[in-house]
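Heads up: numbering here begins at 1 and tracks the sequence. No hydrogens, no waters, no symmetry mates; every other heavy atom, side chains included, goes into these values.
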Amino acid sequence: MEDVATRYLAGRKALSVVDIGSYDVNGTYRPLFTKPDWSYTGVDLEKGPGVDVVLESPYVLPFASGSVDVVISGQAFEHVEYFWLSWLEMVRVLAPDGLILLIAPSRGPEHRYPQDCWRFYPDGYRALAKYGDCELLEVTTDWEPHPDPGSAAWGDTVGVFRKRKSGLRQALSQSLLRAAARWHMGARA
């Protein structure tokens with residue numbers, strides 16, 4: 001996260017940053033976003049260290065559409081049962097030309113917190129970009145084992161996405177997808 005945040009956010013002023021899955025289990029990204037004119041809001045499903053806003057659902061973010069400059073999420077998407085619904089919410093709250101910095105595991109042992117549903121590869125990030133009508137600026141995957149034996153089993157896919165300035169047709173399409181997803185989730189409850 002530090003690498004992509006430094007390369008893509010250097011020199012940017014007055015940024016609003018929302019961190020999806022900010023509960024500090026074994027580290028936090030908050031120190032990367034402490035410039036005086038940046039605001040950082042950590043969101044997660046339960047109260048705890050690193051959490052500023054407790055969500056009622058991972059599929060509904062309590063921010064206005066187009067109100068956030070940067071959305072980050074690191075090592076959280078594998079725990080979201082319907083990650084594509086969370087993805088649409090991340091794109092919704094993102095301002096046009098805003099960035100999403102996403103890190104998710106490409107490999108690693110099961111680690112249920114509270115569940116462990118997914119692993120991600122570059123083609124998956126390309127699919128997310130299409131689904132959210134975003135430009136995928138960069139995607140990399142750790143294919144080689146980490147030199148630290150304790151981390152050797154783990155690898156991540158890292159992506160940087162930019163929200164396109166969308167027209168009315170795309171905005172309506174995204175709204176319909178979100179409405180259908182919310183209806184589906186409500187029908188299952």
Item to check | ring-ring contact (aromatic ring centres under 6.0 Å, His included) involving Trp38 - partner list, sequence neighbours excluded | outcome: none

Checklist entry - Are Leu9 and Val158 connected, step by step, through hydrophobic side chains (Ile, Leu, Val, Met, Phe, Trp, Tyr) whose heavy atoms are closer than 4.5 Å? => result yes

Identify each donor-acceptor pair in which a side-chain atom of residues 43-50 lies under 3.5 Å from a protein atom, sequence neighbours left out, and give them as a table.
residue: Asp44; atom: OD2; partner: Ser22; partner atom: N; Å: 3.3
residue: Asp44; atom: OD2; partner: Tyr23; partner atom: N; Å: 2.9

Next on the checklist: Taking Arg164 first and then Asp133, would you say they form a salt bridge - that is, a charged N and a carboxylate O separated by under 4.0 Å?
Outcome noted: yes

Item to check | Nearest heavy atoms of Leu55 and Val60, plus distance in Å | outcome: CD2-O, 4.0 Å

Next on the checklist: Do Glu138 and Tyr8 have side chains that approach each other closer than 4.5 Å (heavy atoms only, starting at C-beta)?
Outcome noted: yes

Next on the checklist: Taking side chain to side chain donor-acceptor pair (under 3.5 Å) as the definition, give me every residue that meets it alongside Ser16, ordered by chain and number, with sequence neighbours left out.
Outcome noted: Asp69

Item to check | Contact summary for Val51 and Val53, nearest pair of heavy atoms | outcome: CG1-O, 3.4 Å

Item to check | Connected via hydrophobic side-chain network under 4.5 Å: Val71 and Leu102 | outcome: yes

Checklist outcome for this item: Taken in chain and number order and not counting sequence neighbours, the residues that satisfy side chain to side chain donor-acceptor pair (under 3.5 Å) with Asp24 are none

Next on the checklist: Test of understanding: with ring-ring contact (aromatic ring centres under 6.0 Å, His included), list the residues that count as partners of Tyr113, not counting sequence neighbours.
Outcome noted: none

Next on the checklist: What's the separation between atom CG in Leu94 and atom SG in Cys134, rounded to the nearest 0.5 Å?
Outcome noted: 7.0 Å

Item to check | Validation row: Val17, Ser39 side chains within 4.5 angstrom (heavy atoms) | outcome: no

Next on the checklist: Just to verify, which of Lys130, Arg162, Arg126 counts as forming a salt bridge (Lys or Arg N to Asp or Glu O under 4.0 Å) with Glu135?
Outcome noted: Arg162

Item to check | Donor-acceptor pair, side chain of Thr157 and main chain of Pro122, under 3.5 angstrom | outcome: no

Checklist outcome for this item: Closest heavy-atom pair, Ala64 versus Arg92, reported as atoms and distance to 0.1 Å, is C-NH1, 3.7 Å

Next on the checklist: Suppose we screen for salt bridge (charged side-chain N to carboxylate O under 4.0 Å, His left out). Which residues come up paired with Asp3, at least two apart in sequence or across chains?
Outcome noted: Arg7

Checklist entry - By side chain to side chain contact (heavy atoms under 4.5 Å, CB included), which residues pair with Glu2, not counting sequence neighbours? => result Thr6, Leu32

Checklist entry - Would you say the side chain of Val70 lies within less than 4.5 Å of the side chain of Val18, judging by non-hydrogen atoms? => result no

Checklist entry - Among all residues two or more places apart in sequence or in another chain, which pass the side chain to side chain donor-acceptor pair (under 3.5 Å) test with Arg107? => result none

Next on the checklist: Please enumerate all residues that pass salt bridge (charged side-chain N to carboxylate O under 4.0 Å, His left out) together with Arg12, with sequence neighbours excluded.
Outcome noted: none

Checklist entry - Listed by chain and number, what are the side chain to side chain donor-acceptor pair (under 3.5 Å) partners of Arg112, not counting sequence neighbours? => result none

Checklist entry - When hydrophobic residues are tied together by side-chain contacts of less than 4.5 Å, even through go-betweens, does Met90 share a cluster with Phe63? => result yes

Next on the checklist: Rounded to the nearest 0.5 Å, what separates atom CD in Glu89 from atom OG in Ser57?
Outcome noted: 8.5 Å

Next on the checklist: Could you check, using the six-membered ring where one of them is a Trp, whether Tyr82 and Trp84 have ring centers closer than 6.0 angstrom?
Outcome noted: yes

Checklist entry - Looking at side-chain heavy atoms only, is the closest gap between Ile103 and Ile72 below 4.5 Å? => result no

Checklist entry - Side chains of Arg119 and Ser106: does their closest heavy-atom pair fall under 4.5 Å? => result no

Return all side-chain donor-acceptor pairs below 3.5 angstrom for residues 144-153, not counting sequence neighbours, or 'none' if the list is empty.
residue: His146; atom: ND1; partner: Asp148; partner atom: N; Å: 3.0
residue: Asp148; atom: OD1; partner: Gly150; partner atom: N; Å: 3.0

Next on the checklist: Assess, by modelled atom type and distance only, whether the side chains of Gln75 and Asp156 contain a donor and an acceptor separated by less than 3.5 Å.
Outcome noted: yes

Checklist entry - At what distance, to the nearest 0.5 angstrom, does CG of Leu99 lie from NZ of Lys163? => result 12.0 Å

Item to check | Closest contact, heavy atoms only, Tyr59 versus Ser86 | outcome: CD2-OG, 3.5 Å

Checklist entry - Can you find a heavy atom in the side chain of Thr41 that is under 4.5 Å from one in the side chain of Phe33? => result no

Checklist entry - If you take all heavy atoms of Gly21 and Ala76, which pair is closest and at what distance? => result CA-CB, 4.1 Å

Next on the checklist: Just so I know, are the side chains of His79 and His111 near enough to count as touching, which here means a heavy-atom distance under 4.5 Å?
Outcome noted: yes

Next on the checklist: Under 4.0 Å between a side-chain nitrogen and a carboxylate oxygen: does that hold for Asp19 and Arg30?
Outcome noted: no

Item to check | Any Asp52 side-chain heavy atom under 4.5 Å of Tyr40 side chain | outcome: yes

Checklist entry - Considering residues at least two apart in sequence or located in another chain, which fulfil the ring-ring contact (aromatic ring centres under 6.0 Å, His included) criterion with Phe161? => result Trp87, Tyr125

Next on the checklist: Let me check something: do Tyr131 and Trp118 share a hydrophobic cluster, defined by ILVMFWY side-chain heavy atoms less than 4.5 Å apart, either directly or through other members?
Outcome noted: yes

Item to check | Leu15 reachable from Leu101 in the ILVMFWY side-chain graph, under 4.5 Å edges | outcome: yes

